[in-house]
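Everything on this sheet refers to the single structure shown next.
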There are 2 protein chains.
Amino acid sequence: MKQYEHPPAEAFQLTAILHALSDPYRLSIVQKLSVLQPQPCAPLQGDRPKSSVSHHFSVLRKAGLVRTLVVGVTHMNSLRDAELEARFPGLLKTILEAAARSEGLPAQV
Amino acid sequence: MKQYEHPPAEAFQLTAILHALSDPYRLSIVQKLSVLQPQPCAPLQGDRPKSSVSHHFSVLRKAGLVRTLVVGVTHMNSLRDAELEARFPGLLKTILEAAARSEGLPAQV
DNA sequence: TGAATAGTTCGACAATAATCGAACTATTAT
DNA sequence: ATAATAGTTCGATTATTGTCGAACTATTCA
């Protein structure tokens, strides 16, 4: 049951977090996790091949957004929301609110 | 006195904003502007060549973060903070606070 | 043990983005 | 008109990211 490395909260880098969330697919993963967590990778996969999904989760983990717990054969992902809140208060919540706002609008012309 | 194109606030894309701010140099420009605006490009230039600076300002403009007003020979930049606040409440402020927090810490090991 | 499941790692390729010199544009000052 | 100033645009180069198939690992189940 080998587990992942996760950076400690003190090592979170704002620019890495912003970069991680600047990808629409990764942002959508974080949005879905914010509603239901923890959750394995599979339901968040969309139509992408597993190797891409794995790559994006790795980016999210390295930025400190997601913690992945290996439980048997599935990898359970959750947001590190408490740690993020302690390190960068309001950041995740505000970005998630903004993400919710930018949906359901007429396609960007 | 030709002026720039700036996207309307309704067209702001969260992911473009996050991407723009995920670059440390651009983030530092936005930080400096938040303290003193409007401001020409030159004082924000650092040690970079003009063409790079120009590129980064273009990214910031296209994301909707910065408005550039051509005044005579200088280009005065300011944050589009009111419009950003209307479109994505709290976003810019929270990111700037996070940026302030992530400074003055021991180098990331 | 063997097969199924869930996801990772590797490696190659494509796409996007950053960097920077050189030439250019617009405005102001002489 | 000429020159100086402030910044842009172009084009080439490099660096960083994203994508995806194929092979691999770890765990569970039969």
Side-chain angles (χ1 to χ4, degrees), chain A residues 1-7 13-30 32-33 36-63 65-78 108, chain B residues 1-6 13-30 32-33 36-78 108:
Chain A
M1 208 93 101
K2 201 188 293 180
Q3 296 293 337
Y4 285 91
E5 303 254 310
H6 295 90
Q13 309 251 146
L14 177 62
T15 49
I17 290 175
L18 298 180
H19 171 251
L21 295 176
S22 73
D23 179 276
Y25 178 61
R26 287 192 297 256
L27 180 58
S28 81
I29 288 178
V30 169
K32 287 170 190 159
L33 281 179
L36 175 64
Q37 55 178 313
Q39 212 176 153
C41 302
L44 304 164
Q45 180 164 350
D47 54 349
R48 283 190 171 64
K50 296 201 289 180
S51 49
S52 292
V53 176
S54 199
H55 162 70
H56 288 297
F57 269 99
S58 156
V59 172
L60 289 170
R61 268 194 303 267
K62 283 173 185 158
L65 283 157
V66 164
R67 162 159 276 131
T68 304
L69 218 59
V70 181
V71 180
V73 82
T74 77
H75 294 195
M76 292 306 271
N77 303 286
S78 22
Q108 328 73 6
Chain B
M1 207 92 104
K2 203 186 293 179
Q3 296 292 339
Y4 285 90
E5 303 253 311
H6 295 90
Q13 309 250 147
L14 177 63
T15 50
I17 290 175
L18 297 179
H19 170 252
L21 295 176
S22 73
D23 178 276
Y25 178 61
R26 287 193 295 256
L27 181 57
S28 81
I29 289 178
V30 169
K32 287 170 191 160
L33 281 179
L36 177 62
Q37 54 178 314
Q39 213 176 152
C41 302
L44 303 164
Q45 181 165 351
D47 55 347
R48 283 191 172 66
K50 296 202 288 182
S51 49
S52 292
V53 176
S54 198
H55 163 69
H56 288 297
F57 269 100
S58 156
V59 172
L60 290 170
R61 268 193 303 266
K62 283 173 184 157
L65 283 157
V66 164
R67 163 159 276 132
T68 304
L69 218 59
V70 181
V71 179
V73 82
T74 79
H75 294 196
M76 292 305 272
N77 302 285
S78 23
Q108 329 73 5

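The sequence lines fix the lettering, A, B, ..., with proteins before strands; numbering per chain opens at 1. Note: hydrogens, waters and symmetry copies are ignored here, and every other heavy atom, side chains too, is used.
The CG-C1' distance, from D47(A) to dG21(D), rounds to 16 Å in whole Å. In this structure, CE of M76(B) is placed 18 Å from P of dT5(D), rounded to the nearest angstrom. Residue L60(B) contributes atom CG, which lies 14 Å from atom P of dG7(D) at whole-angstrom precision. Rounded to an integer number of Å, the gap from H55(B) NE2 to dG11(D) P is 17 Å. Put simply, CG on L69(B) is 13 Å from P on dG7(D), counting in whole angstrom units. For D23(A) and dT19(D), the CG to P distance is 6 Å, given to the nearest whole Å. Residue Q3(B) contributes atom CD, which lies 14 Å from atom C1' of dA6(D) at whole-angstrom precision. Between the P atom of dA18(C) and the NZ atom of K62(B) lies a distance of 11 Å, rounded to the nearest Å.
By the 6.0 Å and 45° rule, R67(B) does not stack over the aromatic ring of Y4(B).
OP1 or OP2 of dT8(C) has at least one side-chain nitrogen or oxygen of Y4(A) nearer than 4.0 Å. An OP1 or OP2 oxygen of dT8(D) is reached within less than 4.0 angstrom by a side-chain nitrogen or oxygen of S54(B). Listed pair H75(B) / dT8(D) meets the phosphate criterion, a side-chain N or O lying under 4.0 Å from OP1 or OP2. The side chain of R48(B) places no N or O atom within less than 4.0 Å of a non-bridging phosphate oxygen (OP1 or OP2) of dG21(C). Here H56(A) reaches the OP1 or OP2 of dT19(D): one of its side-chain N or O atoms lies under 4.0 Å away.
For the pair F57(A) and S51(B), nearest-nucleotide mapping onto DNA chain C gives the more 5' position to F57(A).
Each of dG18(D), dG7(C), dG7(D) was ranked by its minimum atom distance to the side chain of H19(A); first place goes to dG18(D). When distances are taken from the side chain of V73(B) to each of dT19(C), dA26(C), dT8(C), the shortest belongs to dA26(C). For R26(A), counting side-chain heavy atoms from C-beta on, the closest listed nucleotide (dC20(D), dA18(C), dG18(D)) is dG18(D). Checking dG7(C), dC20(D), dT19(C) against every side-chain atom of S52(B), the shortest atom distance belongs to dT19(C). Which of dA17(C), dT8(D), dG7(C) sits closest to the side chain of K50(B) comes down to dT8(D).
Of all the heavy atoms in H6(A) and V66(A), the pair that sits closest is CD2-O, 3.5 Å. Shown here for H19(A) and S22(B), the closest heavy-atom pair between the two residues is N-CB, 3.4 Å.
Using a 4.0 Å heavy-atom cutoff across all strands shown, Y25(B) reaches no nucleic acid atom at all.
In this structure, the side chains of L33(B) and N77(B) come closer than 4.5 Å at one or more pairs of heavy atoms. Taking 4.5 Å as the limit, some side-chain heavy atom of V59(A) sits within range of a side-chain heavy atom of R26(A).
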